[in-house]
Amino acid sequence: MRHRYNSCVACLVEHLHATSSQVQELALCTLMKFVQVEGKFPLESAIWKDSYRFPHRLLKRIVHGLLQEEKDSTLLLSRFQEYLEYDDVRYYTMTVINERIAQVNRGTKEALPPIFLNNVFGLLSAINMPVEGELSNFLLGQKEKEDDWKPAKLKEQKKAFERVWMGFLKHKLSVSLYKKVLLILHESILPHMSNATMMIDFLTAAYDVGGAISLLALNGLFILIHQHNLEYPDFYKKLYSLLDPSVFHVKYRARFFHLADLFLSSTHLPVYLVAAFAKRLSRLSLTAPPQVLMMMIPFICNLIRRHPACLPLIHRPSAERDLTSDPFVMEEQDPAKSRALESSLWELEVNLLTSSLVCQN
């Protein structure tokens, strides 16, 4: 009977790779039913307390079947998500994911297959961590209370969550996968980590990718700075270096201005820093598309309104000399050395004159 049962399980695991989504879904639901029944009627005694009546081996085979290397499992993972609402299934699934990543990594010296990494991300992003309170939603009912059973402890769930994400993020990701991770980072990952500052290496590597990825990485760093007391002195220098013409043409330009406004909202920022941002944006406005100007000019005005010490950029009544040349150094990557405070926002006047001429014509 045991042999027949094992053969049935092996057959169902193979059907997780079937071409028909209906067959895959039916195989998955049947296997998860077996998990529940094995928990109620164990086939073997638990070797250690942590595996208390939970069929860890069977769940491991299911998760390995979901995390395929050459076939997208998105539809099947969306069906499995409902089982992740169970606290015990969630906990043991997180422990198995790391084992599966290590298994695939041992088979190659190159980067992990992109499809496999997308499947892992799909499973990880489907995990909804509990925020607080007692964990009591288990697929397998407990006949007796186990005080040291890890799936019933929120602290242990967070440790497993942190381990599995850090194990995943240490691998080389595609640009699209970087974007997906960074877009959910501040809401779905950082709040559930015991030590969120462990993400510093990933965010620094993500910043080096460039473009929109760099901006999204700075958002994660900003959260670590303000909510987790991270020391990161080069934050504003990195943000300043992102201000180039390419930022106006990226898909996330609206997000860029929203986040930049958030980053520069503090009234305690040095005057030279705010002036450098205002001046650099003003210079870039000379070649910016019209739809970008509608966001850029109000952004600059809000900066000056929020930081009155920057008013000399637009009004310098006691100027000692006329500006026959602009002292601002556009190529300087350090805002402290840009000499922005010695300059003015003459570019805004040029934009207004140009707009007036266009309207008259």
Side-chain angles (χ1 to χ4, degrees), residues 172-176 178-179 181-183 185-186 197 199-226 230-266 268-289 292-293 295-304 306-307 309-310 313 326-348:
K172 185 178 180 180
L173 307 180
S174 64
V175 173
S176 62
Y178 262 121
K179 286 183 181 178
V181 172
L182 291 169
L183 284 171
L185 183 72
H186 63 291
T197 55
M199 296 292 291
I200 182 66
D201 291 336
F202 167 74
L203 291 171
T204 303
Y207 173 85
D208 294 335
V209 173
I213 303 299
S214 298
L215 173 67
L216 295 173
L218 284 180
N219 186 36
L221 288 170
F222 185 77
I223 294 172
L224 292 181
I225 291 170
H226 283 265
L230 173 70
E231 293 291 335
Y232 200 81
D234 290 337
F235 177 83
Y236 286 100
K237 188 183 294 186
K238 288 183 178 294
L239 177 63
Y240 186 75
S241 67
L242 293 181
L243 296 178
D244 60 48
S246 64
V247 78
F248 304 140
H249 305 285
V250 299
K251 179 181 178 182
Y252 297 98
R253 69 169 172 236
R255 179 182 287 268
F256 174 86
F257 281 104
H258 169 73
L259 292 177
D261 185 63
L262 176 66
F263 300 156
L264 297 168
S265 60
S266 174
H268 300 290
L269 294 176
V271 178
Y272 77 84
L273 182 66
V274 179
F277 276 93
K279 178 60 181 177
R280 192 175 181 92
L281 284 170
S282 181
R283 179 64 60 84
L284 291 172
S285 71
L286 293 175
T287 56
V292 178
L293 285 176
M295 292 186 286
M296 184 182 297
I297 294 177
F299 182 88
I300 296 172
C301 292
N302 286 334
L303 278 182
I304 296 174
R306 195 181 295 141
H307 303 272
C310 292
L313 291 174
D326 194 339
F328 176 67
V329 185
M330 182 67 176
E331 296 75 21
E332 178 57 58
Q333 296 299 308
D334 186 350
K337 300 177 182 178
S338 65
R339 301 178 64 188
L341 275 174
E342 302 174 34
S343 181
S344 68
L345 303 185
W346 58 265
E347 298 92 347
L348 298 184

Got a second to check how far [X]'s [atom1] is from [Y]'s [atom2], nearest 0.5 Å?
{"X": "L239", "Y": "Y207", "atom1": "CG", "atom2": "OH", "result": "8.0 Å"}
{"X": "S174", "Y": "K179", "atom1": "OG", "atom2": "NZ", "result": "10.0 Å"}
{"X": "L345", "Y": "I304", "atom1": "CG", "atom2": "CD1", "result": "5.0 Å"}
{"X": "R255", "Y": "L262", "atom1": "CZ", "atom2": "CG", "result": "11.5 Å"}
{"X": "E342", "Y": "Y272", "atom1": "CD", "atom2": "OH", "result": "14.5 Å"}
{"X": "L293", "Y": "S285", "atom1": "CG", "atom2": "OG", "result": "6.0 Å"}

Do [X] and [Y] have side chains that approach each other closer than 4.5 Å (heavy atoms only, starting at C-beta)?
{"X": "L218", "Y": "L242", "result": "yes"}
{"X": "L273", "Y": "H307", "result": "no"}
{"X": "V274", "Y": "R306", "result": "no"}
{"X": "L224", "Y": "L203", "result": "yes"}
{"X": "I300", "Y": "E347", "result": "no"}
{"X": "F202", "Y": "L182", "result": "yes"}
{"X": "Y236", "Y": "L269", "result": "yes"}

Minimum heavy-atom distance [X]-[Y], with the two atoms named:
{"X": "L284", "Y": "P245", "value": "CD2-CD, 3.8 Å"}
{"X": "C310", "Y": "A275", "value": "SG-N, 3.9 Å"}
{"X": "F277", "Y": "L243", "value": "CD2-CD1, 3.5 Å"}
{"X": "L313", "Y": "A278", "value": "CD1-CB, 4.3 Å"}
{"X": "A309", "Y": "V271", "value": "CB-CG2, 3.5 Å"}
{"X": "I200", "Y": "T204", "value": "O-OG1, 2.8 Å"}

Would you say [X]'s side chain and [Y]'s backbone share a donor-acceptor pair under 3.5 angstrom?
{"X": "N302", "Y": "P298", "value": "yes"}
{"X": "R280", "Y": "A340", "value": "no"}
{"X": "S241", "Y": "K238", "value": "yes"}
{"X": "K279", "Y": "S344", "value": "yes"}

Determine, stepwise, if the pair T197 / Y232 fulfils side chain to side chain donor-acceptor pair (under 3.5 Å).
-> CA-CA 11 Å; T197 55; Y232 200 81; over 6 Å; no
Inspect the surroundings of NE2 in H226 and state if more than 12 heavy atoms from other residues, nucleotides or ligands are less than 6.0 Å away.
->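 Yes - once you tally the heavy atoms of other residues, nucleotides and ligands closer than 6.0 Å, there are more than 12.
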Taking the six-membered ring of F328, is the NZ or CZ of R283 close enough (under 6.0 Å from the centre) and on axis enough (within 45°)?
-> no
Going by the angle between their ring planes, with limits at 30° and 60°, are F235 and F263 parallel, tilted or perpendicular?
->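 Ring orientation of F235 relative to F263: perpendicular.
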